[in-house]
Asks: 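Here you go, one structure.
Whatever order the structure lists ligands and atoms in, that order sets their numbers, starting from 1. Values in this document were obtained by computation on a predicted structure and should not be read as measured data.
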Amino acid sequence: MTDRYGIMGHPVAHSRSPFIHARFAAQTSQDLVYEAIHVEPGAFLAAVDDFRAGGGVGLNVTLPFKQEAFTLSQTVSERARRAEAVNTLSFGAEGVCGDNTDGVGLVRDLVSNLGIEIRSRRILLVGAGGAARGVLGPLLDEGPSDLVVANRTLSRARALSEAFRDQGPVDSAGFSGLDGRAFDLVINATSAEVSGELPPVPESALAEGAVVYDMMYGAGPTGFVRWGQAAGARVSADGLGMLVEQAAESFFIWRGVRPETAPVLEALRRSL
Ligand code: NDP
């Protein structure tokens with residue numbers, strides 16, 4: 001029987017997840033359909049009920065519903081509990097299970113796809129919104145020597161670093177507090193580009209041989225990727241690989257099969 005999956009968001013028409021999951025399914029001979037489902041704010045719980053009533057067995061959840069998905073979940077993984085957000089829902093005999101695959105997606109793209117070391121490295125995580133919160137725990141699990149969360153609104157960076165302090169060497173800063181500090185890996189988890197801006201990270205924050213990673217992606221290099229290139233980063237990569245890797249982890253949770261991500265990432269890049 002064909003199993004039904006989907007992604008709910010607002011907006012969601014732009015989502016590349018149906019493209020990715022269709023390729024994962026074909027590659028691993030899994031009998032499933034995966035659709036993008038537009039949901040109005042305030043209508044998430046009813047939309048999930050409808051989806052389940054129609055035979056849906058698993059959902060990805062994107063902005064702005066990740067916190068609602070967390071609240072809805074009857075059991076959550078440890079990484080979702082720490083993130084306080086769920087991007088992967090499974091509906092089975094045990095009820096509603098929530099997980100968060102964003103962080104592991106980022107780490108796999110950095111470590112496995114791009115060959116970048118996190119252990120014992122100095123990391124700057126720029127942004128303190130939902131995306132930053134989702135990746136902070138999995139980044140700390142990799143054992144960086146220190147990790148600084150920098151954000152426009154310093155109080156949010158502070159709250160985030162305090163929430164994860166028991167998990168590793170994490171601290172917070174405003175952008176002006178970055179003067180005189182250098183990092184091996186600088187990750188942009190802000191949505192600044194949406195308003196045509198860049199987070200004001202000083203070029204001096206890049207250590208010799210530093211890597212720049214932008215969680216955003218698009219048809220061409222993002223503004224932050226271009227900033228990294230111009231500032232002399234050894235590697236300056238966008239977040240398309242993270243998107244594919246977080247999807248692969250969701251696929252694994254649902255189907256128990258790990259798809260190969262490289263050909264799907266390549267096809268997705270070509271399609272943009
Ligand atoms: P949120 O709205 O929760 O947070 C936005 C963050 O961006 C805040 O830290 C905010 O700072 C900061 N910000 C916004 N505008 C500016 C600006 N002009 N200058 C400096 N900082 C700014 O969004 P999310 O955390 O959910 O998403 C962030 C990004 O991550 C999005 O672009 C999203 O597309 C991307 N993402 C990519 C994924 C992938 O798979 N590649 C997965 C998940 C997210 P402040 O607190 O001061 O408002």
Asks: How far is atom 16 (C) of ligand 1 from its nearest protein heavy atom, and which residue and atom is that?
Replies: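 Going atom by atom, the protein heavy atom closest to atom 16 (C) of ligand 1 ends up being Arg152 NH1, 3.3 Å.
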Asks: How far is atom 37 (C) of ligand 1 from its nearest protein heavy atom, and which residue and atom is that?
Replies: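 Looking only at protein heavy atoms, the one closest to atom 37 (C) of ligand 1 is Met215 O, 3.3 Å.
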Asks: Which part of Thr153 is near ligand 1, with near meaning a heavy atom under 4.0 Å away: side chain, backbone, both or neither?
Replies: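 It is both backbone and side chain that touch ligand 1.
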Asks: Does only the side chain of Val126 get under 4.0 Å from ligand 1, or the backbone, or both, or neither? Count heavy atoms.
Replies: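 It is neither part, as no heavy atom is under 4.0 Å.
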Asks: Give yes if a backbone or side-chain nitrogen or oxygen of Gln246 is under 3.5 Å from a nitrogen or oxygen of ligand 1, and no if not.
Replies: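 It does not: no N or O of Gln246 is found under 3.5 Å from an N or O of ligand 1.
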Asks: Taking distance alone, with no angle check, do Asp102 and ligand 1 share an N/O pair under 3.5 Å?
Replies: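 Not met; the criterion fails.
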Asks: Is Arg82 close enough and on-axis enough to Phe164, meaning under 6.0 Å and within 45°, for cation-pi?
Replies: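 The answer is yes; both the distance and angle limits are met.
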Asks: Can you tell me how the ring of Trp254 sits relative to the ring of Tyr34, calling it parallel under 30°, perpendicular over 60° and tilted otherwise?
Replies: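 Ring orientation of Trp254 relative to Tyr34: tilted.
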Asks: Taking the six-membered ring of Phe252 as reference, does the NZ or CZ atom of Arg255 fall below 6.0 Å from its centre and within a 45° cone about the axis?
Replies: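 So Arg255 doesn't make the cation-pi contact.
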Asks: So, does Ala128 sit close enough to ligand 1 that a heavy atom of it is under 4.0 Å from the ligand?
Replies: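 Yes.
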Asks: Considering only the protein, which heavy-atom contact is closest to atom 5 (C) of ligand 1, and what is its distance?
Replies: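 Protein heavy atom at minimum distance: Ser191 OG, 3.4 Å.
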Asks: Distance to 0.1 Å, residue and atom name: give those for the protein heavy atom nearest to atom 44 (C) of ligand 1.
Replies: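 Minimum-distance protein heavy atom for atom 44 (C) of ligand 1 reads Ala131 CB, 3.6 Å.
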Asks: Quick one: sort the His21 and Phe24 rings into parallel, tilted or perpendicular, breaks at 30° and 60°.
Replies: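 Taking Phe24 first and then His21, their aromatic rings stand perpendicular (interplane angle over 60°).
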Asks: Return the closest protein heavy atom for atom 4 (O) of ligand 1 as residue, atom name and distance.
Replies: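 Sorting protein heavy atoms by distance from atom 4 (O) of ligand 1 puts Gly129 CA, 3.4 Å first.
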Asks: Is there a polar contact between ligand 1 and Gly127, counting only N or O atoms under 3.5 Å apart?
Replies: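 It does not: no N or O of Gly127 is found under 3.5 Å from an N or O of ligand 1.
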Asks: What about Gly239: any of its N or O atoms under 3.5 Å from an N or O on ligand 1?
Replies: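 For ligand 1, there is an N or O atom that lies under 3.5 Å from one belonging to Gly239.
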Asks: Does a salt bridge link Arg269 with Asp238, judged by any charged N lying under 4.0 Å from a carboxylate O?
Replies: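 Counted as a salt bridge, because a side-chain N and a carboxylate O are separated by less than 4.0 Å.
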